[in-house]
Student: 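Before I ask anything, here is the structure I am working with.
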Amino acid sequence: MSSLHSSIHSFNIKKMSAEYKFSSIEKKWQKFWEENQTFKAEVNHAKPKYYVLDMFPYPSGAGLHVGHPLGYIASDIVARYKRLRGFNVLHPMGFDSFGLPAEQYAIQTGQHPALTTEQNITRYIEQLKNIGFSFDWSKEVRTSNPDYYKWTQWIFMQLFNSWYNKDTDKAENISTLTAKFEANGTNGVNAVCDEDCIPFSVEEWNAKSEEDQYKLLLKYRLTFLDYSVVNWCPALGTVLANDEVKDGVSERGGYPVEQKKMRQWSMRITAYADRLLNGLDEIDWAESLKEQQRNWIGRSQGASVRFKIADVKSTDDTSEIEVFTTRVDTIYGVSFMVIAPEHELVEQLTTPEQKETVDAYVKWAKSRSELDRMSEVKTVSGAFTGSYVINPLNEEKVPIFLADYVLAGYGTGAVMGVPSGDQRDWNFATHFNLPIVPILDAQADIEKQADNTKEGKYINSGIINGMTYKKATETLINWLEEKSVGKGKVQYRIRNAVFSRQRYWGEPVPVYFKPDSNGEPLPYLINESDLPLELPAIDKYLPTETGEPPLGRAENWKYQDQYEYELSTMPGWAGSSWYWYRYMDAKNEQEFASKEAVDYWKAIDLYIGGSEHATGHLLYSRFWNKFLKDLGYVQEEEFAKKLINQGMIQGRSNFVYRLKNADTPTFVSYNLRKDYEVVALHVDVNIVDNDILDVEAFKSSRNDIGENPEFILENGKYVCGAEVEKMSKSKFNVVNPDTIVEKYGADTLRLYEMFLGPLEQFKPWNTNGISGSHNFLRKVWRLFFDDQNGNFKVKDEQPTPEELKVLHSTIRKMEEELERYSFNTVVSTLMICVNELSALKCHKKAILQDLVILLSPYTPHFAEELWEALGNAAGSVSFAAFPVFNSAYLVEASFDYPISINGKVRTNLSFAADAPPSDIEAGVLANEVVQKWLEGKTPKKIIVVPKRIVNVVL
RNA sequence: GCCGAAGUGGUGGAACUGGUAGACACGCAGGACUUAAAAUCCUGUGAGCCGAAACGCUCGUAUGGGUUCGAUUCCCAUCUUCGGUACCA
């Protein structure tokens, strides 16, 4: 535990000056906390635990800007508040330090990414420590450290060694699957596996070689090799991130990019689809975020139907195309079939006459990203294959088209086209002159647009004619199952997660390849004792000449000196999918965290981070957590009980307006710009105060504006324009927290960031308002110290009822507001409290001591200083007891009712707090203002809402 | 395109479950103190109308409709901005 009774900082009132000297105060307490390890959190069964976590940052080269600490300040306030409430708080910080930017920088400069990452982290820590967070730095983690990624690799190995048993609804060790195969073959096995798994008997299993058995098991493991589509850039010889592709070409160099299938590691997250969906009901996350996850998982109930291909050319050919539909009831309206351009049957289905068209279309589709393909709905594109399928219900022949709105990786890569019921199908049918068949009598105007109604009775629909939706669906599914041409099916939108990256700066995959009897490489895990598998040194951070990932450059990098390692690395989300457990026991060399620590800290009680992680990090983390639970390593089904999405802080850019066609560079002030022809240019916000440009600083800061630029001023000032944009270097609107801390102090920064607005909301940063927060602290200071001579003026006097009322209404509001994480209104509440105490000239210890505790989560250095001044043990405000609210101080004898006439407030009247509505009615009617509005009439109704409002209805 | 969110004074925002719209700040204006400035303190500040003033009236929470005694809050439609869209983290 931290030392609460340290007396190394003896306090001397005489040294205090009139001013609030934030700089020395903050340094003093930061040093104190560090030396005393005040916030070190250890397992302590005597106290209830509270785990509050921030999404850890990626340490970028640009350092922190004022937007980054927003969430950390909020979580720190909660951490400090919970300590005051008697909780044992775990509040750690670390770094998600693998990633593309460091690698990009390495490619440009040749510097090892570990080196730049280290430098960036050092800078981040410096900046974070400057803000006075109560982090337990002894638990810091970095995902790129081998002693961390050892355990990321270890989890990968557990996934490789596991399969998903749908009967027990959890992951199990692969050995339980082997045991089942040995006993009964696939009979009675209900496993999640690759699509091409076929059933086999015990005899067939036993007849297989060990090698074939091993190959077969690969189809069941929770991490497995599979083909997935990537952005392949032939010119760069590498796979590009979606971010690195703009308009179909690489962002760097502008080389063409194509969609290519590549064999990669995947994670079988689909096995957990239902649990990921159902678990959402048990966690306190924003409903909008849960909705995003639900939609991402995309459970849909429907049917799969197999359509026979007409006139199959040879017996070798596949003779069916399977589709999934959520509207099997519309099957009689099918007038075409669409398959993805990547569909495996494209070649087989294309007739010689159509070959040229189809080839051209496939080539074009390859150049388009998935996002382009999904977004483009205005123009219809597609190509006829020349072949047909037969609708199993009515034996009708319908043409097969390719169209890029069908994605190969989604469902079966084929859809049935029902133009009367689906707008995109309708557009497609209209474009290609295909029939539009009405199927429900309730469908209206289908010659103008599709109508997806489920109302009415079926027409033109064979066996379901005259039925309604529910009955028709049942009938059709029964029919399909009876005839073995389809079945009822639940389908998910979520796909298995691709886990390979053709990059250097990520966790190596702990896998090596050994040739099988045919010389084909087979993947095997390395021995657990060989973990961590460290990143080897390479000469440059580029793919090899033969197109292998950068790890292919490592010399003599072989497992047991003979086997090829896997050359791809893990994705960014690997290290972040379990890190909250590592914080519990960050230095453990035997386990990812001790059982004792995991059992004590359990799940995160409050997790703060951006909503942009909704379907990435937050879904993968839930997946890995469930997996670790299945294997018995952790207890919790959900890793974060409560989650708040903090909104981003945007930049506020300033502009100057430069005259076009002027000989000398000339800048015109904002409000005069309309009279000239001007170009707006970004100007560094740090030389603009309240939208007034520091002209001299501007002149000397730029070398592109000539020797003597001219300025057209208004009222002797140059006024800048302003706009809200993303905070970024290129927009000259980045504000560094260090600058603010230097000028106003960390406590002011913390207060102001919270005061800016609701945590969840996106809002622009504008340094202008910060003086209000700073003045507030100085105002508090003046309650303690005389602003003339610096004398300590707190007295041991009895507080008045009025002062107690101010204090206790503040305590109550603060509790309520923190309870609902309304961090901004707490600041207003504290301001109102101080305004009122100042007006009352209250300098009483009994009141001010509690006020200091209330302030301490927001402005910890400031609070420690005043706490010590009040005569308390140095550094102990962090563990003081939060003041107990006493409602007795707030009892009011009367209530001031707003009196409204037809909903508009016309006057106010005071009634006893417990006055019965009848008395209030009588009083209201007697009032002269009300009389005036009544104009002698009797009101229709009088609504009295006790302790709220009275409304007289005329 | 699809999924999710936001839109309130000159600015950031407040109004918690439908009950006085604009709390608290910034900015601006005026005043006190000062040789002066800073700091501090006081007053005013949504738009408009009437008026000497007090009082009062009308409009007003992106836009257009609706529900209700009463709507920033609930419902429908539209517009704009932002996040995600499976290899940014």
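Every chain is numbered from 1 and lettered A, B, ... according to where its sequence line falls, protein lines coming before strand lines.
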Student: Reading RNA chain B 5' to 3', how would its secondary structure be written in dot-bracket notation, given Watson-Crick and G-U pairs with both distances under 3.5 Å, brackets [ ] for crossing pairs and | for partners on other strands?
Tutor: (((((((..(((......[....)))((((((.......))))))((((......))))..(((((..]....))))))))))))....
Student: Between B:A89, B:C82, B:C87, spot the one nearest the side chain of A:Y58, thanks.
Tutor: B:A89
Student: Check the distance between B:A21's C1' and A:K904's NZ and give it to me in whole angstrom.
Tutor: 13 Å
Student: Ignoring hydrogens and angles, does a donor from either the side chain of A:Q502 or the base of B:C87 sit under 3.5 Å from an acceptor on the other?
Tutor: yes
Student: Mind running a 4.0 Å heavy-atom check of residues 827-841 of chain A against RNA chain B and sending the residues that fall below it, in number order?
Tutor: A:S828, A:M831, A:I832, A:N835
Student: Looking at the base of B:C82, is there any donor atom on it, or on the side chain of A:E612, that sits under 3.5 Å from an acceptor on the other one?
Tutor: no
Student: Using only heavy-atom distances, decide whether a donor-acceptor pair under 3.5 angstrom links the side-chain of A:N295 to the base of B:C3.
Tutor: no
Student: Taking the P atom in each of B:A77 and B:C88, what is the distance between them to the nearest angstrom?
Tutor: 34 Å
Student: Between B:U11, B:G84, B:A86, spot the one nearest the side chain of A:T615, thanks.
Tutor: B:G84
Student: Taking O4'-C1'-N9-C4 for purines and O4'-C1'-N1-C2 for pyrimidines, is B:G9 syn (within 90° of 0) or anti?
Tutor: syn
Student: Please tell me if the side chains of A:F823 and A:L818 come closer than 4.5 Å, counting only heavy atoms from C-beta onward.
Tutor: yes
Student: Distance check: side-chain N/O of A:N775 vs OP1/OP2 of B:U40, anything under 4.0 Å?
Tutor: yes
Student: With the side chain counted from C-beta on, respond yes when A:W580 and A:F56 share a heavy-atom pair under 4.5 Å apart, and no when they do not.
Tutor: no
